[in-house]
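Order of the sequence lines fixes the chain letters, A, B, ..., with proteins taken first and strands second; residue numbering starts at 1 for each chain.
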Protein chains: 2
Amino acid sequence: MRMTPQRQLVLDALRELEHATPEQVCRHVQRVTPSVNITTIYRTLELLEELELIRHTHLGHGPPTYSLHEHQHVHLVCHRCGRVDESPRAVMDQLCGTLRAAHGFVLDAAHLALSGTCRDCTRETT
Amino acid sequence: MRMTPQRQLVLDALRELEHATPEQVCRHVQRVTPSVNITTIYRTLELLEELELIRHTHLGHGPPTYSLHEHQHVHLVCHRCGRVDESPRAVMDQLCGTLRAAHGFVLDAAHLALSGTCRDCTRETT
DNA sequence: GTAAATGCAAACATTTTGCACGATT
DNA sequence: AATCGTGCAAAATGTTTGCATTTAC
């Protein structure tokens, strides 16, 4: 496989943005090289994910967000304001064990976000 | 607000299907009344959700799935075979407390699914 | 009768595919 | 030269909107 400029640009973008949708990666890449097509972004993200250099997370509504593979954490999405907070993977350890025991289900804590109401929005409600 | 046949049909569909995407609801409804348009399905689902009669869950890829509001549980989605398992809400209780203490984040356990590898797929890998 | 709800067509957003052209080895 | 990667256009998918018509109250 070849390390083309486009592929390097996508990796650089994710390193800088930490996590981003395909659209956001595209805009970031196009600031440096405007000719890069969004199709290439999609194909590159897919490829880099197969190589396990990156991974994607579903935050709920809207497109998935991609990040470097080592950038592992649990995402907490507020369904009122949309804010995305992060928590260390370890908060899921106990749940992880429970699900494995009860269902044989091996949890991938980082792939899906958790949804709820963030501190600020909770305060506003009361 | 009016209880139209279409709205009743959507509720009936969700009662029978337990959880379903807008597309699946539409197909189910159209078996009885083929004239119902998918636009109406979308609008009805949105309305019924505002009334808190139903809710939706993001299982990861693909469209959201809707279910009756009282039908609350945690969804476990296998990212290898796509199978969706269910677990009682209570398995999230401890995590729920941890997140509230650490982030002030009030978890909505049912809105997003958990992703991982199901028992069968885990067995196959080994 | 009136406001609300529906159906239809078209717009929209996101992602995927086919194919010809260009770059890399 | 052969293969792999890219850009472009078009298709596919999922969802939303505008508007005329119909329906429930």
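Side-chain N/O atoms of A:Thr4 include one lying less than 4.0 angstrom from OP1 or OP2 on D:dT6. Remark: B:Gln6 is not in phosphate contact with D:dT23, judged by side-chain N or O atoms under 4.0 Å from OP1 or OP2. Between A:Arg7 and D:dT6, a side-chain N or O to OP1/OP2 separation shorter than 4.0 Å is present. Put simply, B:Asn37 has no side-chain N or O that comes within less than 4.0 Å of OP1 or OP2 on C:dT6.
Relative orientation of the A:His111 and A:His56 rings is perpendicular, given thresholds of 30° and 60° on the angle between their planes.
Atom CD of B:Glu46 sits in a sparse spot, with 12 or fewer heavy atoms from other residues, nucleotides or ligands closer than 6.0 Å. More than 12 non-hydrogen atoms from other residues, nucleotides or ligands lie less than 6.0 angstrom from CD of A:Gln8.
Atom pair A:Arg43:CZ and C:dT14:C1' shows a separation of 15 Å (rounding to whole Å applied). If you take CD of B:Gln30 and C1' of C:dG7, they are 12 Å apart, rounded to a whole angstrom. One atom, NE2 of B:His58, and another, C1' of D:dT15, lie 13 Å apart when rounded to the nearest Å. With rounding to whole Å, A:Met3 atom CE is found 12 Å from C:dT25 atom P. Distance A:Glu46 CD to D:dC4 P: 16 Å, rounded to the nearest Å. When rounded to the nearest whole Å, the span between CG of B:Leu45 and C1' of C:dT6 equals 15 Å. The interatomic distance linking B:Ile41 (CD1) with D:dT15 (P) rounds to 13 Å, in whole Å. Computed from coordinates, the A:Ile38 CD1 to C:dT14 C1' distance equals 8 Å when rounded to whole Å.
Atom OG of residue A:Ser87 and atom CE of residue A:Met92 lie 9.0 Å apart, to the nearest 0.5 angstrom.
When the options B:Arg55, B:Gln24, B:His73, B:Glu86 are evaluated for a side chain to side chain donor-acceptor pair (under 3.5 Å) with B:His19, the one that passes is B:Glu86. Just one of B:Leu68, B:Leu53, B:Thr65 meets the side chain to side chain contact (heavy atoms under 4.5 Å, CB included) condition when paired with B:Leu14; it is B:Leu68.
In terms of position along DNA chain D, the nucleotide closest to A:Thr44 lies nearer the 5' end than the nucleotide closest to the other residue of the pair A:Thr44 and B:Tyr42. Along DNA chain C, the nucleotide nearest to B:Thr40 and the one nearest to A:Pro63 differ in position, and the one closer to the 5' end is contacted by B:Thr40.
Salt-bridge check for B:Arg83 with B:Asp120: passed, with a basic side-chain N closer than 4.0 Å to an acidic carboxylate O.
Comparing the start and finish of the helix from C:dG1-D:dC25 to C:dT25-D:dA1, five pairs each, the helix axis swings through 20°, to the nearest 10 degrees.
Side chain B:Arg2 to base D:dC25: no donor-acceptor pair is found below 3.5 Å.
With D:dA24, C:dG18, C:dT15 as the choices, the nucleotide that has an atom nearest any side-chain atom of A:Pro64 turns out to be C:dT15.
Residue contacts for B:Thr21: at a heavy-atom cut-off of 4.0 Å it reaches no nucleic acid atom on any strand shown.
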